[in-house]
Structures are given as C-alpha cells and as structure tokens.
Amino acid sequence: GAGVSQSPRYKVAKRGQDVALRCDPISGHVSLFWYQQALGQGPEFLTYFQNEAQLDKSGLPSDRFFAERPEGSVSTLKIQRTQQEDSAVYLCASSPTWYGRPRDIQYFGAGTRLSVL
Amino acid sequence: SQQGEEDPQALSIQEGENATMNCSYKTSINNLQWYRQNSGRGLVHLILIRSNEREKHSGRLRVTLDTSKKSSSLLITASRAADTASYFCATGGLTGGGNKLTFGTGTQLKVEL
C-alpha cells in the first residue's frame, strides 16, 4: 500500500498569498497530524485530527492557519496571507487507531516545502 | 516549542564505527521514539521505548531510557554510509486522544567511507 502522500512537494508563494497544502494519509488510518519544520530544527506539532474531528489545534501559530479533514481521509492545511516566517517544511503524518487507543507510531509524508518571498 | 535537546548536534564517523546520540527532555512522558530523516524526506520511525522500559534493541539499534534523568540515548552499531541522516528523538503524550509528538532538535550524522 501507498504511504502518506503530500502535495505539492514545493510551493513558492508571494507574501500575502493564500496557500493550500494537501495530505493523503495511509488508507484506514484514523489519526492525522500536521507538523511544521523550520530549517535545521525538529518538527513542531500544529494540529491533530481523529477521523474528521479536529481534536487539538493548539500548535497552530495564528488564526491565518487552519486545517480541515471533512471526510476523515484527505486533509488540507490552509495558510492565509502568507508571511516570510511561514517558510518551512510542512509534514503530515498518520497513524492507525486500534481498539480506541491510538497507535504510537506515526508515518510521515515527504512534506511540502513552502517558501514565501 | 521543542521538548528538549539532542547532542551532539552533528557527528561524523567512519563506516564501521558506532554512533551514539543523546536526547534530553523536559516533561513526563508516555513513550520516547527515535526517527530518522534523510535530506529532503519525511521522517521514518526507528524504535519506540515506553516509559516503563529501560533498554530496547532493534537490529543495529540500541535505545536506553532514564526517566529519572529525563534522557535517552540511541546507539547505532557498525554504522554504514546509508545511516547518514538526521536523527530525532520524540516524546509522546496523549492529547485529546491522540499521540502528539514533541521532537528534539536533532543530531546530524555523517558516516564516511
């Protein structure tokens, strides 16, 4: 089966533009996570979905960021009015849930590298 | 914010040598995991150790966990050029039912032929 797929792989945006980043998780994975990775740093948590429910959005840096997963599979991270500080790699990860407890291992996509000019 | 720090930040060794990376974290944890990231790629899970475990092995990998010191180490034995990558520790905690990972700052490992 396919792994986590993210698109586009690279995105260049002019400051002030809106962008949408897509994540296709592994089929059947209930949990989906978004992380932001700045250059030379470890990933930082943005938000978490269980099926279509966004259960944790504590890591979203501002109200310009929002994410959705309307049918419990594909997710989109949208950034409005992009700023230079939004430049980073955005990683999506999914994990299965088993008997109501989340599996601990996350499977990551290759990421979308966003450059805001 | 990052959970903790890893050291060294960068490590360069010869093929066949062992590589040891250390990770410190700040809060109580449910589990600690190590991930590898090749340049321009996503992260790949290597090994998980739970808070009630002290040591775990997987192939050429050995992980230790000391919850009293809030630290962990990853040992890669008999390193290969293909092990060249960045290595991150990540601590897991339940949040709203999920297992949000909090990553360290990473160690860049270079294995030279």
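Owing to the predicted nature of the structure, the values given are computational and were not obtained by experimental measurement. Atom set for the values below is all heavy atoms of this structure, side chains included, hydrogens, waters and symmetry mates excluded. Order of the sequence lines fixes the chain letters, A, B, ..., with proteins taken first and strands second; residue numbering starts at 1 for each chain.
- For A/D18, there are no side-chain hydrogen bond (donor to acceptor under 3.5 Å, both in side chains) partners at least two apart in sequence or on another chain.
- For B/S12, the side-chain hydrogen bond (donor to acceptor under 3.5 Å, both in side chains) partners are B/E112, not counting sequence neighbours.
- A 6.0 Å sphere centred on CZ of B/R80 holds no more than 12 heavy atoms belonging to other residues, nucleotides or ligands.
- Dense packing is recorded around CG of A/L117, with more than 12 heavy atoms of other residues, nucleotides or ligands lying under 6.0 Å away.
- In the hydrophobic clustering of ILVMFWY residues, with side-chain heavy atoms under 4.5 Å counting as a link, A/F49 and A/I79 come out together.
- Taking a 6.0 Å sphere around CD of A/E71, one finds it holds 12 or fewer heavy atoms contributed by other residues, nucleotides or ligands.
- Here A/F108 contributes atom CZ and B/R41 contributes atom CZ; the two are 15.5 Å apart, rounded to the nearest 0.5 Å.
- The two residues B/F88 and A/G42 have their closest heavy-atom pair at CE2-CA, 3.4 Å.
- Looking only at side-chain heavy atoms (C-beta outward), A/F45 and B/K100 come within less than 4.5 Å of each other.
- One N or O on the side chain of A/Y35 and one on the backbone of B/L101 form a donor-acceptor pair closer than 3.5 Å.
- Contact detail for B/G42 and A/L91: the closest heavy-atom pair is CA-CD2, 4.3 Å.
- No donor-acceptor contact under 3.5 angstrom links the side chains of B/Q33 and A/Q106, judged on distance only.
- If you measure heavy-atom distances from A/Q37 to chain B, the contacts under 4.5 Å come from the side chain alone.
- Only the side chain of B/L48 has a heavy atom closer than 4.5 Å to any heavy atom of chain A.
- In this structure, chain A has a heavy atom under 4.5 Å from the side chain of B/Q37, while its backbone stays farther away.
- The cluster map of Ile, Leu, Val, Met, Phe, Trp and Tyr, joined by side-chain heavy atoms under 4.5 Å apart, puts A/Y48 and B/F103 in the same cluster.
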